[in-house]
Amino acid sequence: QVDLVESGGRLVQTGDSLMLSCETSDHSLRAYGVGWFRQAAGKERQFVAGISWIGAQIVYSPSVKGRFTIIRDEVKNTLYLQMNNLKPDDTAVYYCAAGRKLGVSRVQDYDYWGQGTQVTVSS
């Protein structure tokens with residue numbers, strides 16, 4: 001079992017920046033693939049960014065590439081998502097996840113999930 005706790009979500013305006021954190025306890029994130037997903041109201045959970053279990057390949061959703069950065073701090077055992085130039089379409093509950101699957105960009109690639117943190121971007 002991997003325990004994940006997200007934090008950092010809040011109400012911001014278009015163009016603002018936020019950094020989300022995903023803290024773990026008693027587990028090393030480098031032993032897993034890790035990722036960020038988001039789920040807007042009434043929508044399916046969608047991939048944002050991830051680091052694969054095998055090879056540590058970094059993958060971004062096209063909708064956030066160039067604006068968001070996924071960071072894995074192996075010392076603090078914490079996963080971050082730096083979000084820049086936020087847009088209203090970024091509004092969602094953001095989840096971090098971990099797993100030991102070959103894939104990185106699908107919900108089914110992960111077995112462990114945090115409870116989520118709300119990010120709201122107003123116009």
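The structure displayed is predicted, hence computed values, not measured ones. For this chain, numbers begin at 1 and follow the sequence in order.
- Residue I58 places its CD1 atom among more than 12 non-hydrogen atoms of other residues, nucleotides or ligands, all under 6.0 Å distant.
- For Q108, the CD atom is densely surrounded, since the number of other residues' heavy atoms within 6.0 Å is greater than 12.
- Across all non-hydrogen atoms, the minimal contact from T14 to P88 is OG1-CD, 3.3 Å.
- Side-chain atoms of T120 never come within 3.5 Å of backbone atoms of L11 as a donor-acceptor pair (strictly under, hydrogens ignored).
- At least one side-chain heavy atom of L86 sits less than 4.5 Å from a side-chain heavy atom of L18.
- With contacts defined as side-chain heavy-atom distances shorter than 4.5 Å, the pair L81/T69 does not qualify.
- Here the side chains of V93 and Q115 are not in contact, with every heavy-atom distance at 4.5 Å or above.
- When the side chains of ILVMFWY residues are joined at heavy-atom separations under 4.5 Å, either directly or via intervening members, W36 and V121 end up in a single hydrophobic cluster.
- Residues Y94 and Q118 have side chains not in contact (no heavy-atom distance under 4.5 Å, counting atoms from C-beta outward).
- Considering only heavy atoms from C-beta on, E6 stays 4.5 Å or farther from E23 through its side chain.
- Listed by first and then second residue, the disulfide (SG to SG under 2.5 Å) pairs that reach into residues 90-123 are C22-C96, sequence neighbours excluded.
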Run the side-chain contact (heavy atoms from CB on, under 4.5 Å) test on R67 and K87 for me, step by step, so that the C-alpha distance in whole Å, both residues' side-chain angles and the decisive distance to 0.1 Å come before the verdict.
CA-CA 10 Å; R67 297 190 297 123; K87 305 174 181 179; 4.0 Å; yes

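- At a threshold of 4.5 Å between side-chain heavy atoms, the hydrophobic network of Ile, Leu, Val, Met, Phe, Trp and Tyr places V107 and Y95 in one connected group.
- Sequence neighbours left out, the pairs with a member in residues 44-73 that pass ring-ring contact (aromatic ring centres under 6.0 Å, His included) are F37-F47.
- Listed by first and then second residue, the salt bridge (charged side-chain N to carboxylate O under 4.0 Å, His left out) pairs involving residues 31-60 are R38-D90 (not counting sequence neighbours).
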Evaluate V119 against R10 for side-chain contact (heavy atoms from CB on, under 4.5 Å), listing each step before the verdict.
CA-CA 5 Å; V119 174; R10 63 180 179 92; over 6 Å; no

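- Hydrophobic clustering (side-chain heavy atoms under 4.5 Å, transitive across Ile, Leu, Val, Met, Phe, Trp, Tyr) groups Y32 together with L79.
- If you take OG on S7 and CG on L20, they are separated by 8.0 Å, rounding to the nearest 0.5 Å.
- Within a 6.0 Å sphere centred on CZ of R100, other residues, nucleotides and ligands contribute more than 12 heavy atoms.
- Between the side chain of T78 and the backbone N or O of K76 there is at least one donor-acceptor pair closer than 3.5 Å.
- By the rule that hydrophobic residues join a cluster once side-chain heavy atoms approach within less than 4.5 Å of another member, V2 and Y110 end up as members of separate clusters.
- Side chain to side chain, S17 and N84 meet the donor-acceptor criterion of an N or O pair below 3.5 Å.
- Proximity of a side-chain donor or acceptor of S122 to a complementary backbone N or O of V12 within less than 3.5 Å is detected.
- By the rule that hydrophobic residues join a cluster once side-chain heavy atoms approach within less than 4.5 Å of another member, I70 and W113 end up as members of separate clusters.
- Under the 4.5 Å side-chain criterion, counting only non-hydrogen atoms from C-beta, V104 is not in contact with Q57.
- A distance of 9.0 Å separates CG in D73 from CD1 in I71, rounded to the nearest 0.5 Å.
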